[in-house]
Amino acid sequence: MKKFLKLSFIAIIAFFVLSLSANTKATTAMGNDKWVIAVNGNQHYIYNDSPSFTENASRFTIRFETSYGSSGMGVYSLYRYSSPGVKEYLYQNATMPHGEETVTVIGYTGEFYLSANGMYYDVDVESWVIDTYNPIINDYKFTIRTVELFFLQGQNNTINPASLPSVFFKVVNPNDMVSMTIELNGGIAVPFSANPLAFDYQEALPYHYMCLSKGHYKITITDVWGATSVYQFGYTSDLIVDFIQGQPFQTNDTTVAFKVTSFVESVVFIYKNYSPAVPMAGSPVYDYHVVNGQYMFIAEGYYAMLILDIFGGYHSVNFTIRFTAPTVYFNNVEATSTQTLVSVLQTGGLVATFDGNGRTIVSATYEYNFGSPVSFTSGQTFKAVGNYVFKVTDDRGKTTTVSAFVY
């Protein structure tokens, strides 16, 4: 009888333990125990019924997070199909990484399959608790895709030192690439393999390229998923400012026109009369015009431009436009701001002449004894005693005002 009671007690305890185990397994499967696949900073938590995901990346990491510490054992496999029907194992029956341990996969793309099978235990005999969890994953499928350039010498999207003999890079995952085009110094984009001599590059190894020119390269890659990546690099900024009219760093008595040539994306900032700088594309208030790619300045003032490109190259230029006003002469002597005294007895009168200094005179008037303006012609003589104020204006609106007193 005692033996029967003992066996019954053990059976009850076993049933109780198994019930706890079953409940533990049901709750932990949706609790703290999970596979994590991290791509581009995104955390994908994986169970058998998790939806598949697709990300563009060149690497990803996997790990297993468990609430059971380091107890237990388990293995996992990670593979893809390198060709139809042919499995390529990246990891096969490998020890499961957990906690802070990660396994990083670099340079592979396509559809991946993760399988895992392991057992974790945490036993506490005194409280009759046995925790078990079997983290089973059956061929969970996810997709990683990318085509990119990896720079072995030199850097992308930057100016590389002129001392480098070349910029050297390789294509990562070239089998996923649909096209790769190249532009040199803003020219027409052509397939990368079309004419290596014209674009001054060499293929050192399959899909390993050296660009040798001192200009700017722009390489565009399109992959089988329709994604496009653009890479640009060069040796110098090659910003060129050509003055078509007027001169830089000088005061000009004319319209100033210049053209900016840059083989990469650039932006021009403008200051006028020490006002805040603004991009030229948004500053018509500064009275300039763009004609056939040329910036033309027609208003007086001090101008300063700062031209920047995406490689960090820059070019600065400034100039001042000061238009020369008409010149007025009294008896063949240039009149100034000081009133001129003219004796009729000594000179026979006041002879007023003017010169537009290359511009067209649109108005020439005088006021006698502060009366109404009256037009006059160059070389006209004035003998009446009194006060005269002369105003001469050219076609740019520049006006010269001088006065004389005839006695």
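Contact check for S378 versus F354: side-chain heavy atoms found under the 4.5 Å cut-off. No side-chain heavy atom of T146 sits under 4.5 Å from any side-chain heavy atom of D223. Counting heavy atoms from C-beta on, the side chains of N387 and Q339 come closer than 4.5 Å. At least one side-chain heavy atom of M180 sits under 4.5 Å from a side-chain heavy atom of V171. Here the side chains of V230 and K218 are in contact, with some heavy-atom distance below 4.5 Å. V105 places a side-chain heavy atom less than 4.5 Å from the side chain of Y91. For the pair V389 and Y368, the minimum side-chain heavy-atom distance is 4.5 Å or more. Between T181 and I219, every side-chain heavy-atom pair lies at or beyond the 4.5 Å cut-off.
K87 NZ: more than 12 foreign heavy atoms inside a 6.0 Å radius. Few gaps surround CZ on F376; more than 12 heavy atoms of other groups in view lie less than 6.0 Å from it. Sparse packing is recorded around NZ of K391, with 12 or fewer heavy atoms of other residues, nucleotides or ligands lying under 6.0 Å away. When the shell of 6.0 Å around CZ of F370 is examined, it contains 12 or fewer heavy atoms from other residues, nucleotides or ligands. In the displayed structure, I106 atom CD1 is contacted under 6.0 Å by more than 12 heavy atoms of other residues, nucleotides or ligands. By the neighbour-count criterion of 12 heavy atoms within 6.0 Å, atom CG of N332 is sparsely surrounded, having that number or fewer from other residues, nucleotides or ligands.
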Please determine whether side-chain contact (heavy atoms from CB on, under 4.5 Å) holds for the pair V402 and T336, giving the CA-CA distance in whole Å, both sets of side-chain angles, and the decisive distance to 0.1 Å. CA-CA 6 Å; V402 291; T336 65; over 6 Å; no

List the steps, then state whether side-chain contact (heavy atoms from CB on, under 4.5 Å) holds for I321 with Y303. CA-CA 8 Å; I321 297 178; Y303 296 88; 4.0 Å; yes

Begin from the C-alpha positions of Y79 and D139 and carry the test side-chain contact (heavy atoms from CB on, under 4.5 Å) through to its verdict. CA-CA 9 Å; Y79 68 91; D139 286 346; 3.2 Å; yes

Quick one: do N42 and E55 satisfy side-chain contact (heavy atoms from CB on, under 4.5 Å)? Show the steps, please. CA-CA 10 Å; N42 298 322; E55 290 229 30; 3.0 Å; yes

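Scanning both residues, I221 and E148, for their nearest heavy atoms gives CD1-C, 4.5 Å. Heavy-atom minimum distance, F169 versus C211: CE2-SG, 3.8 Å. Across I137 and I46, no two heavy atoms sit closer than the pair CD1-O, 4.1 Å. Nearest heavy atom pair, residue K398 against residue F323, reads CE-O, 3.3 Å. Of all the heavy atoms in G349 and V342, the pair that sits closest is O-CG1, 3.7 Å. Nearest heavy atom pair, residue S77 against residue Q92, reads OG-CA, 3.5 Å.
Less than 6.0 angstrom separates the ring centroid of Y388 from the ring centroid of F382. Between F60 and F112, a ring centre-to-centre spacing shorter than 6.0 Å is recorded. Ring to ring, F330 and F390 are close: their centroids are under 6.0 angstrom apart.
Under the 4.0 Å criterion applied to side-chain N and carboxylate O atoms, E300 and R322 are not assigned as salt-bridge partners. The existence of a salt bridge linking R80 and E111 is excluded, since no basic side-chain nitrogen approaches an acidic carboxylate oxygen closer than 4.0 Å.
Relative ring orientation between F243 and F319 is described as perpendicular, the plane-to-plane angle rising above 60° on a 0-90° scale split at 30° and 60°. By the 30° and 60° cut-offs, the orientation of the rings of F64 relative to W35 is tilted.
Counted by atom type alone, Q232 and N156 present zero donor-acceptor pairs between their side chains at under 3.5 Å. For T393 and S363, the side-chain atoms include no donor-acceptor pair closer than 3.5 Å.
No donor-acceptor pair closer than 3.5 Å links the side chain of D176 to the backbone N or O of V224. No donor-acceptor distance shorter than 3.5 angstrom exists from the side chain of T222 to the backbone of T228, with no hydrogens or angles considered. At distances below 3.5 Å, not a single donor-acceptor pair connects side-chain atoms of T381 with backbone N or O atoms of L350. Counting only distance, with no hydrogens or angles, the side chain of Q153 and the backbone of S166 share a donor-acceptor pair below 3.5 Å. Between the side chain of D394 and the main chain of T360, no donor-acceptor pair closer than 3.5 Å is present. In this structure, the side chain of Y140 engages the main chain of P51 through a donor-acceptor pair within 3.5 Å.
Shown are F233, F168, Y217; of these, the ring-ring contact (aromatic ring centres under 6.0 Å, His included) with F151 is made only by F233. Screening D355, T353, N357, T400 for a side-chain hydrogen bond (donor to acceptor under 3.5 Å, both in side chains) with T327, the sole residue that qualifies is N357. A ring-ring contact (aromatic ring centres under 6.0 Å, His included) with Y113 holds for exactly one of Y89, Y81, F142; it is Y81. For the side chain to side chain contact (heavy atoms under 4.5 Å, CB included) with Y76, the lone residue among N93, T95, V103 that qualifies is V103.
Counting only residues at least two apart or in different chains, side chain to side chain donor-acceptor pair (under 3.5 Å) contacts with residues 240-254 comprise Q245-T254, Q247-Q250, D253-T324, D253-R396.
To the nearest 0.5 Å, atom CG of residue L114 and atom CG of residue N138 are 10.0 Å apart.
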